[in-house]
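Below: one structure, written as structure tokens.
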Amino acid sequence: MKEIVDLRSDTITRPTPGMREAMAKAEVGDDVFGEDPTVNTLQQRCAQLLGKEAALFVPSGTMANLLAACSQTTPGDTVILSRDAHMFHYESGGVARIGGLMTKLIDSPILDPDAVTDAINLSDDDHFSHTTLIEIENTMNRGGGAVYPLKTVQALGAIARENGIRLHCDGARLFNAVIAEGVSPVEYAAPCDTVSFCFSKGLGCPVGSILAGSRETIVKAHRYRKMAGGGMRQAGVLAAAALYALDHHIDRLADDHRRAKQIREAMAAIPGVSFPLDSPTNMVFFDVPAAPRIVTRAAEQGVLAFDVSPTRIRAVFHLDVDDCDMNCAIEAFRRAVNC
Ligand SMILES: *Cc1c(COP(=O)(O)O)cnc(C)c1O
């Protein structure tokens, strides 16, 4: 049994021995010159995986979202997104400071197509900023790992096309959605102009995200990546980890989803604990009377989680958590709530 069970995030995973071996063996070159063969392979494979013309390897999901915004809008435009979106909530205001965009917020985690239609502005009246981008998040982090129904993504894609505006999907955890819904990555990506996903979350890599779209959009994103300081040199060591994850770490996401359901069932019996959100993927949010105190007590027993509000705790399952760790966590939370 490991000493610490870390459920703070699926970003905490460390590369496995197999992944490290793939990284050590990677063929590399200078990717700013377009000469890293492993990065080129990864970009081609991701473009194909998502059914897009081109893809770009970037250091983080935050940068992928930023490049998607910069390459598909003009400063002063408006992007429509959820109030709970990572892009709005957790990216240090980059969409405003660097993207120069206004945000039009929708109150639900999963965007309702009618609400989006109502929020779009394309009028000729010079008073109002034009809407040029819709942003969705699949799965939805602050929505409890909620999954977009394919039909909703298709409806939003249709709205974007009818209005001549773009649709970006922040798919940091796209493969969690793919596994949970049985929808293929191509199906999920088809209605979207650009799609990003993270290698450094559930897929277990140390670093890296991908942004995919049309060749024209990715050429623009490539320029913005350079501008943002995201041009990397022998990045093939990181791309090799990503290729390894695509081969070995997608199917196992189902285990994370099962554990999220199991811990939820086990903890439902604890008085004072309630579950405000569904847990369709790898996250469990639970409400308790005093979250910081309970997080501290669980940490004293070697189980780490985040208090995301004074009364809400988030636990995330990932590659470095097994069934034994899950059982430890259940016991630690039970004791922490009861004492
Ligand atoms: C983690 C995350 C990102 C970006 O993550 P980085 O830490 O910048 O790689 C973007 N969107 C969502 C939904 C995320 O959970």
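One-based numbering, in listed order, for ligands and for the atoms of each. Heavy-atom basis, side chains included; hydrogens, waters and symmetry copies ignored.
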Before we go on, tell me: are the rings of Phe199 and Phe197 under 6.0 Å apart, centre to centre?
yes
Taking non-hydrogen atoms within less than 4.0 Å of ligand 1, which protein residues qualify?
Ser60, Gly61, Thr62, Asn65, His86, Glu91, Glu137, Asn141, Asp170, Ala172, Arg173, Lys201
Taking the six-membered ring for Trp and the full ring for Phe, Tyr or His, determine whether the centres of Phe286 and Phe333 are under 6.0 Å apart.
yes
Looking at Phe275 versus Phe285, is the centre-to-centre ring distance below 6.0 Å?
no
Any Lys/Arg nitrogen of Arg259 or Asp323 sitting under 4.0 Å from an Asp/Glu carboxylate oxygen of the other?
yes
In chain order, what residues pass the side chain to side chain contact (heavy atoms under 4.5 Å, CB included) check against Ala172, with sequence neighbours excluded?
Asp170, Cys198, Lys201
Check for me whether the distance between the ring centres of Phe175 and His249 falls short of 6.0 Å.
no
